[in-house]
Amino acid sequence: MAAIPALDPEAEPSMDVILVGSSELSSSVSPGTGRDLIAYEVKANQRNIEDICICCGSLQVHTQHPLFEGGICAPCKDKFLDALFLYDDDGYQSYCSICCSGETLLICGNPDCTRCYCFECVDSLVSPGTSGKVHAMSNWVCYLCLPSSRSGLLQRRRKWRSQLKAFYDRESENPLEMFETVPVWRRQPVRVLSLFEDIKKELTSLGFLESGSDAGQLKHVDDVTDTVRKDVEEWGPFDLVYGATPLLGHTSDRPPSWYLFQFHRLLQYARPKLGSPRPFFWMFVDNLVLNKEDEDVACRFLEMEPVTIPDVHGGSLQNAVRVWSNIPAIRSSRHLALVSEEELSLLAQNRQSSKLAAKWPTKLVKNCFLPLREYFKYFSTELTSSL
């Protein structure tokens, strides 16, 4: 095997490196349509790849792709923003890291990487037939992990992490700032403050927590009535603050709004100092117990509208939660199914009148934590069920 080039500062450590289909792209092939045009325009027409959308081949470029050299059109930009941080149950990203689409995906074999690439992007940007060769490999290292920054027309951008943050901050409609993702060698175990509901089991099943002194830290506090800033500062610092209202039908001595106000109070205590670049995330989950007035207060305090995440089986609504969070992709349209307020109201009424104890809806929000793999160390690549 040829000597491996020195690692790029932006590349992550990887396993065996195999360069496939990165030698040349034929310029003599007559142009097709869409992505088939990319190689022809660059090779035959000498067009700058920054003037072509590398996701679909459109020449109507809106801005530059944040991860790889090339342009991106407005529709593909919206798709990219909506889907890049979405994850499947297996812990890998749901869509191609280039076009955020694709039907058949190639998974990176680097255990510290969760990215995927579609056959269409690989064949049009690296070279025709490359996807088949990669698919036949047992361990393939992706284009953001390779020591070499170029494969065919696919050129990794320098400082692509900061480019990605700038892209999100500039193009996203989300009012909250995105934190720059963290290289593997700098990732530390996550430190969690879990209020009211204990999410240790869920985070352990996702690989974020493990037994041992250097394997993540979770502080669970149920009654925070007497908790003051000094307590939170002594327990912390924290990277993730989680809180939830009680379950529907659950007996509580406190009104549902108490949980919102206490979560917001402790969230302020846990936040890093203003201007700190340290990634800091939070999530508040309402189990459909807040009334409309409480919801409006939550939106004002947490500075965003909630996202409703439903659990639909057999065409019927089994459960749902409202979520406020700054974790990437929480607001993605692909997370959601259309659920009317009437359906949510009926579900709440049925739960309150039911004598059956409801289960904590951790299954609904569990996968929302997976984007944190881009920021914090995780101890297992094998996801397990916590339910």
Side-chain angles (χ1 to χ4, degrees), residues 176 192-203 218-227 232 240-270 281-313 316-327 330-332 335-369 386-387:
L176 299 181
V192 184
L193 177 59
S194 182
L195 304 176
F196 322 127
E197 179 190 0
D198 190 351
I199 58 169
K200 181 177 181 179
K201 189 175 182 181
E202 285 66 45
L203 293 182
L218 184 142
K219 174 70 175 179
H220 173 231
V221 186
D222 189 15
D223 186 352
V224 298
T225 305
D226 299 323
T227 302
V232 176
L240 170 66
V241 178
Y242 174 87
T245 61
L247 293 171
L248 276 168
H250 178 79
T251 303
S252 174
D253 296 333
R254 305 179 178 93
S257 58
W258 180 89
Y259 296 88
L260 166 63
F261 294 135
Q262 295 299 332
F263 172 82
H264 183 262
R265 180 173 69 89
L266 268 66
L267 178 62
Q268 307 316 304
Y269 298 163
F281 300 97
W282 54 268
M283 179 186 291
F284 183 73
V285 178
D286 169 36
N287 292 291
L288 303 185
V289 299
L290 295 179
N291 60 34
K292 186 61 173 68
E293 183 178 345
D294 293 336
E295 279 185 52
D296 292 341
V297 172
C299 295
R300 204 162 61 246
F301 278 24
L302 302 176
E303 301 181 61
M304 65 167 57
E305 295 291 322
V307 171
T308 301
I309 301 181
D311 181 16
V312 179
H313 288 298
S316 63
L317 183 64
Q318 304 296 317
N319 199 1
V321 292
R322 290 190 177 95
V323 180
W324 290 261
S325 180
N326 71 335
I327 295 176
I330 197 75
R331 305 188 63 79
S332 171
H335 255 318
L336 315 174
L338 294 178
V339 180
S340 67
E341 285 298 320
E342 289 76 15
E343 288 178 291
L344 293 175
S345 178
L346 182 59
L347 173 66
Q349 292 174 18
N350 290 340
R351 280 292 171 83
Q352 287 174 334
S353 61
S354 174
K355 294 182 179 180
L356 295 175
K359 295 182 179 179
W360 285 103
T362 45
K363 182 179 179 181
L364 293 182
V365 300
K366 176 181 172 181
N367 282 6
C368 296
F369 294 113
S386 65
L387 300 175

Interatomic distance, OG1@T308 vs CG@L288, rounded to 0.5 Å, equals 7.5 Å
Query raised in the report: If only atom types and distance count, is the side chain of S194 paired as donor or acceptor with the main-chain N or O of E197 below 3.5 Å?
Result: yes
- Does the D223 side chain pair with the main chain of T225, one donor and one acceptor, at a distance under 3.5 Å? yes
Counting N and O atoms only, with roles assigned by atom type, does the side chain of W324 sit under 3.5 Å from a partner on the main chain of M304, one being a donor and the other an acceptor?
yes
| With distance as the sole test, does S325 use its side chain to make a donor-acceptor pair with the main-chain N or O of W282 at under 3.5 Å? | yes
Please answer whether the main-chain N or O of V224 pairs with a side-chain N or O of R265 as donor and acceptor at a distance below 3.5 Å. yes
Where do R300 and D296 land on the salt bridge (Lys or Arg N to Asp or Glu O under 4.0 Å) test, with the steps shown first? CA-CA 6 Å; R300 204 162 61 246; D296 292 341; over 6 Å; no
CZ (F261) and CZ (R254) are apart, to the nearest 0.5 Å, by 14.5 Å
All heavy atoms of D286 vs all of L290, minimum pair found to be OD1-N, 3.2 Å
side-chain contact (heavy atoms from CB on, under 4.5 Å) with F284: of T245, L195, V241, only one passes, and it is T245
Value for CD1 (I309) from CD1 (I330), rounded to nearest 0.5 Å, stands at 4.5 Å
*asked:* Do K200 and H220 make a side-chain contact, defined as non-hydrogen atoms from C-beta onward lying under 4.5 Å apart?
replied: no
Residues F196 and G243: closest non-hydrogen pair is CD1-CA, 4.3 Å
inquiry  = Measuring only between side-chain heavy atoms, which start at C-beta, is F369 closer than 4.5 Å to I199?
reply    = yes
Rounded to the nearest 0.5 angstrom, the OG-CD distance for S257 and E295 is 12.5 Å
side-chain contact (heavy atoms from CB on, under 4.5 Å) evaluation trace for C368 with I327:
CA-CA 7 Å; C368 296; I327 295 176; 5.5 Å; no
